[in-house]
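For the single chain, residues carry numbers from 1 onward in sequence order.
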Amino acid sequence: MKQKIVAAGMLVAGLLLMAASIDPGLPKGYWHKPAATAGSPPARWSELEANLHPEACGQCHEAQFDAWKDSLHAHAYSPGMIGQFPAMGYQKANGCLACHALLAEQAYPDDKSMRHSLKLRLKHDSGFDREADIDKATLPLRHAGVTCAACHVRGWQRFGPPPKGGSATGHLDAAAHGGFVATSAFERSGFCASCHQFPQSKAINGKPLENTLTEWKNSSFGEKGITCQQCHMPDRRHEFRGIHDPEMVRKGLDITLLRQADGVRLRMTSKWIGHAFPTYVTPEIIVRAEALNAAGKVLQNWQWKVGREVAYDRGWKELRDTRLMPGEKRDFTASPLPAATTRVHYRITVVPDKFYQGVYRRLLSADMTSQAQAHIKRAARRAAKGDYLLFDGFITI
Ligand code: HEC
Ligand code: HEC
Ligand code: HEC
Ligand code: HEC
Ligand code: HEC
């Protein structure tokens with residue numbers, strides 16, 4: 001009899017061991033918005049472990065903090081968004097925070113707290129304080145936008161990928177915050193979907209405004225399993241670089257100038273972009289060509305645009321979609337060339353916030369509270385500074 005009990009005990013232990021190696025995945029409701037971290041922290045935790053501010057995580061996870069703080073995720077509680085809030089009221093504003101600052105702790109409880117937060121945000125231009133004394137309450141957590149805990153913490157439990165170089169999944173022990181749950185869900189593209197893929201029910205001309213996961217699934221990158229993380233978090237670095245980063249965009253494209261019988265062309269190939277270039281409706285890429293004579297005088301010019309343009313007029317409408325799909329080659333041909341042409345000058349300009357530049361201009365021309373105006377002005381200045389020259393080259397005839 002005694003032996004049987006021991007055997008049963010061994011069986012249970014065996015099952016537990018097996019459970020630790022079965023990938024639990026993300027718990028159901030992980031991406032419920034707003035995502036909850038439940039009540040007060042476990043009693044024996046230190047103040048540091050119980051602090052959800054990114055600066056606190058950064059005390060032990062320095063590399064992730066240093067990369068993340070310069071990413072747009074850290075700045076998602078942005079002036080261009082919150083400047084629109086006074087006209088919306090806190091409840092609608094919380095609908096925006098559902099992606100830009102999704103934790104329950106980050107939502108506004110009422111209009112007063114929203115106004116207070118907007119005032120604080122004017123004083124502290126960045127969403128978090130690098131020099132913060134983490135023992136004192138710093139800025140409200142919502143100012144940290146898409147913060148560490150938004151992706152990694154639910155109900156005080158930390159979740160993360162299997163430790164580097166291994167494949168262990170399930171609950172793993174660690175020297176802090178009661179260990180963590182490891183799941184390969186962190187390594188899959190679907191992890192980014194809840195904020196970067198809008199539902200098909202909101203499609204315009206068959207495509208949601210942000211359709212990144214679907215574009216990826218239909219690409220050779222999706223087929224080969226080259227994930228969002230492999231490109232946007234190389235070696236697990238929390239960089240999240242995108243269209244606002246010239247080096248990232250250059251890495252994604254191949255650009256060559258070619259001579260043809262009847263003119264010249266610039267050939268743009270999307271070689272390392274796992275979705276449409278660009279994936280969102282807000283950036284615009286402008287390709288310009290100028291035919292010059294020997295004295296450098298412009299004889300003729302050409303202009304093309306790459307992007308998906310939408311407009312809102314009692315519902316969204318798509319005006320055009322000239323984006324490059326993954327792997328696509330596109331020629332921008334300057335032809336016919338005037339007889340005296342000796343060189344053609346090609347330039348590519350990226351306007352990452354083209355759509356928002358228009359939104360801010362329209363908002364500033366209408367009535368708004370002075371607080372809202374201060375934020376939108378700041379957003380407009382920032383959006384204008386984001387434009388950059390991606391390519392500048394000549395081809396001689
Ligand atoms: C007191 C130090 C400390 C603090 C503070 C801390 N962590 Fe950790 N964390 C650790 C240690 C130690 C481990 C286990 C070893 C490792 O992966 O570094 C760990 C593991 C993790 C993992 C799992 C890593 C993997 O391999 O999957 C994640 C995710 C994580 N922490 C997130 C956070 C977040 C988010 C915060 C802030 C809300 C935080 N941690 C605060 C010490 C800390
Ligand atoms: C909780 C919601 C959320 C999740 C999850 C999320 N993102 Fe984001 N992401 C955002 C928001 C909001 C922005 C815009 C920030 C801003 O500029 O205000 C953004 C911005 C970005 C940008 C910068 C875009 C640009 O314009 O240059 C990249 C790249 C990016 N995310 C990649 C990812 C990847 C890869 C994942 C998955 C590993 C991911 N994101 C998961 C909400 C999220
Ligand atoms: C489903 C998730 C989601 C929701 C909800 C959402 N956004 Fe965003 N928003 C994003 C993502 C993702 C980006 C970055 C897109 C990119 O660069 O590809 C973004 C970018 C922005 C930007 C430009 C970058 C910046 O922060 O200045 C503004 C402004 C903005 N959103 C405002 C809003 C407002 C206002 C609302 C509510 C009416 C809202 N968003 C709701 C996901 C969301
Ligand atoms: C937008 C979601 C997102 C945000 C925000 C985010 N992470 Fe991560 N983190 C991930 C993903 C996804 C991975 C796994 C990447 C992979 O496997 O390629 C990861 C991996 C990690 C790991 C394991 C690293 C390793 O080398 O094994 C740690 C630790 C971690 N994150 C901590 C943090 C901390 C601390 C912050 C804030 C400073 C943070 N994360 C912000 C999504 C995020
Ligand atoms: C093969 C590499 C690669 C993969 C895979 C990839 N991206 Fe990108 N991504 C890029 C490059 C390069 C850029 C810069 C060019 C651009 O904006 O399209 C970019 C830009 C972005 C941007 C900036 C906004 C915009 O309008 O372009 C977001 C957001 C983004 N990626 C999210 C994702 C998400 C989410 C996934 C997974 C579903 C993903 N990316 C998969 C390489 C990749």
Side-chain angles (χ1 to χ4, degrees), residues 70-72 212 215-216 219-221 226 230-232 234 239-309 319-338 340-358 382-397:
D70 295 327
S71 77
L72 282 170
T212 313
E215 291 163 1
W216 175 80
S219 75
S220 65
F221 300 101
I226 299 171
Q230 279 171 262
C231 296
H232 290 285
E239 292 170 347
F240 306 107
R241 298 193 292 153
I243 188 106
H244 290 81
D245 187 296
E247 284 318 309
M248 181 74 178
V249 178
R250 286 193 187 108
K251 215 167 148 182
L253 295 170
D254 189 44
I255 298 168
T256 48
L257 295 177
L258 305 160
R259 224 171 335 157
Q260 260 178 318
D262 60 336
V264 294
R265 64 192 175 195
L266 178 146
R267 175 168 288 178
M268 184 188 279
T269 312
S270 168
K271 63 167 183 199
W272 189 74
I273 305 177
H275 38 71
F277 169 62
T279 183
Y280 207 22
V281 293
T282 50
E284 184 173 88
I285 292 89
I286 305 164
V287 182
R288 291 192 182 88
E290 290 176 342
L292 308 168
N293 68 10
K297 185 170 173 259
V298 178
L299 305 175
Q300 193 175 334
N301 55 59
W302 294 261
Q303 182 173 309
W304 303 267
K305 284 178 180 172
V306 177
R308 182 178 175 206
E309 200 183 335
L319 305 179
R320 63 193 162 87
D321 187 354
T322 55
R323 296 173 302 163
L324 262 76
M325 289 301 143
E328 187 180 340
K329 279 187 176 57
R330 177 95 43 93
D331 285 349
F332 300 90
T333 308
S335 166
L337 294 173
T341 307
T342 57
R343 290 184 306 162
V344 179
H345 186 189
Y346 269 101
R347 267 172 307 169
I348 305 176
T349 308
V350 177
V351 186
D353 295 309
K354 169 70 184 177
F355 177 80
Y356 294 112
Q357 291 179 357
R382 190 173 294 173
K385 270 201 277 183
D387 303 1
Y388 58 90
L389 194 63
L390 182 75
F391 176 85
D392 191 355
F394 288 88
I395 181 162
T396 42
I397 304 303

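Qualifying salt bridge (charged side-chain N to carboxylate O under 4.0 Å, His left out) partners for Arg382, counting only residues two or more places apart in sequence or in other chains: Asp125. Taking Glu309 as the reference, Arg320 meet the side chain to side chain donor-acceptor pair (under 3.5 Å) condition, with sequence neighbours excluded. Checked against side-chain contact (heavy atoms from CB on, under 4.5 Å), Lys251 has the following partners two or more places apart in sequence or in another chain: Trp272. The side-chain contact (heavy atoms from CB on, under 4.5 Å) test applied to Ser219 returns Trp216, Phe221, Pro326, not counting sequence neighbours. The side chain to side chain donor-acceptor pair (under 3.5 Å) search around Glu215 returns Thr279, Arg323, not counting sequence neighbours. The side-chain contact (heavy atoms from CB on, under 4.5 Å) test applied to Pro352 returns Ile243, His244, Val350, Asp387, Tyr388, not counting sequence neighbours. Checked against side-chain contact (heavy atoms from CB on, under 4.5 Å), Arg250 has the following partners two or more places apart in sequence or in another chain: Pro246, Glu247, Leu390. In this view, His232 satisfies the ring-ring contact (aromatic ring centres under 6.0 Å, His included) rule with no residue, not counting sequence neighbours. Contacts of Arg343 classified as side chain to side chain donor-acceptor pair (under 3.5 Å), with partners at least two apart in sequence or in another chain: none. For Tyr280, the ring-ring contact (aromatic ring centres under 6.0 Å, His included) test picks out no residue, with sequence neighbours left out.
A salt bridge does not link Arg347 with Asp392: none of the charged nitrogens is closer than 4.0 Å to a carboxylate oxygen.
For Gly327 against Thr269, the heavy-atom pair with the smallest separation is O-CG2, 4.2 Å. Taking every heavy atom of both residues into account, Leu253 and Lys271 meet most closely at O-CE, 3.5 Å. What you find for Tyr346 and Arg265 is that their closest heavy atoms are OH-CA, 3.5 Å.
Proximity of a side-chain donor or acceptor of Arg330 to a complementary backbone N or O of Thr322 within less than 3.5 Å is detected.
For residues 273-283, no pair satisfies salt bridge (charged side-chain N to carboxylate O under 4.0 Å, His left out), with sequence neighbours left out.
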Under 3.5 Å, which donor-acceptor pairs do the side chains of residues 291-304 form with other protein atoms, sequence neighbours left out?
| from | atom 1 | to | atom 2 | distance (Å) |
| --- | --- | --- | --- | --- |
| Asn293 | OD1 | Ala295 | N | 3.0 |
| Asn293 | OD1 | Gly296 | N | 3.1 |
| Asn293 | OD1 | Lys297 | N | 2.9 |
| Gln303 | OE1 | Arg288 | NE | 3.4 |

